[in-house]
Amino acid sequence: ARGAADLRETIAALRADGLQTRPASALRTVLEEFRGAPPAAVVVMSDGVSSRGDAERLSTVAADARAAAVPVWTVAVGSPTAAADID
């Protein structure tokens, strides 16, 4: 079993990559990858705003997780104000 210090190091080393935020797709991927033995829980760290292209809503996928008895814990990160769209 990993200790809390190891977990903190792993989380601190995480880096965002890509140009989109797709929390629903990410959660769906985790649930599908662990289909045979679902995870004990999933922690979603997000500002809660999906970028273009995320076909599903996070609440829909979270309901699927709940049906599979997988708790989803959310941690809000980022700014409470929306970024300016400069497209």
Side-chain angles (χ1 to χ4, degrees):
R2 296 177 52 173
D6 289 338
L7 185 55
R8 276 192 297 274
E9 284 182 31
T10 299
I11 291 171
L14 292 174
R15 298 291 174 252
D17 62 357
L19 301 174
Q20 297 180 349
T21 302
R22 297 174 45 196
S25 296
L27 180 56
R28 171 74 60 210
T29 297
V30 169
L31 294 175
E32 289 174 355
E33 286 180 359
F34 288 91
R35 185 167 294 179
V42 175
V43 177
V44 176
M45 299 176 79
S46 173
D47 62 2
V49 179
S50 296
S51 298
R52 288 175 283 193
D54 202 8
E56 295 182 279
R57 293 178 45 91
L58 185 56
S59 59
T60 301
V61 184
D64 292 344
R66 184 173 39 256
V70 177
V72 176
W73 297 92
T74 57
V75 178
V77 296
S79 173
T81 57
D85 187 359
I86 57 173
D87 282 347

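All values below were derived from every heavy atom in this structure, side-chain atoms included, with hydrogens, water molecules and symmetry-related copies excluded. What you see is a predicted model, and the numbers here were worked out from it, not measured in a lab.
- Under the side-chain contact (heavy atoms from CB on, under 4.5 Å) criterion, P71 pairs with A41, W73, sequence neighbours left out.
- By the side-chain contact (heavy atoms from CB on, under 4.5 Å) test, A67 pairs with no residue at all, sequence neighbours left out.
- The list of side-chain hydrogen bond (donor to acceptor under 3.5 Å, both in side chains) pairs with a residue in residues 32-42, not counting sequence neighbours, is empty.
- Looking at V43, L58, V44 one by one, the single match for side-chain contact (heavy atoms from CB on, under 4.5 Å) with V72 turns out to be V44.
- Smallest separation of non-hydrogen atoms from P38 and V70: CB-CG2, 3.6 Å.
- Atom CG of L27 is separated from atom OG1 of T60 by 11.0 Å, given to the nearest 0.5 angstrom.
- The salt bridge (Lys or Arg N to Asp or Glu O under 4.0 Å) contacts involving residues 61-76 comprise R28-D64, where partners must be two or more places apart or lie in separate chains.
- Shown here for L31 and A65, the closest heavy-atom pair between the two residues is CD1-CB, 3.9 Å.
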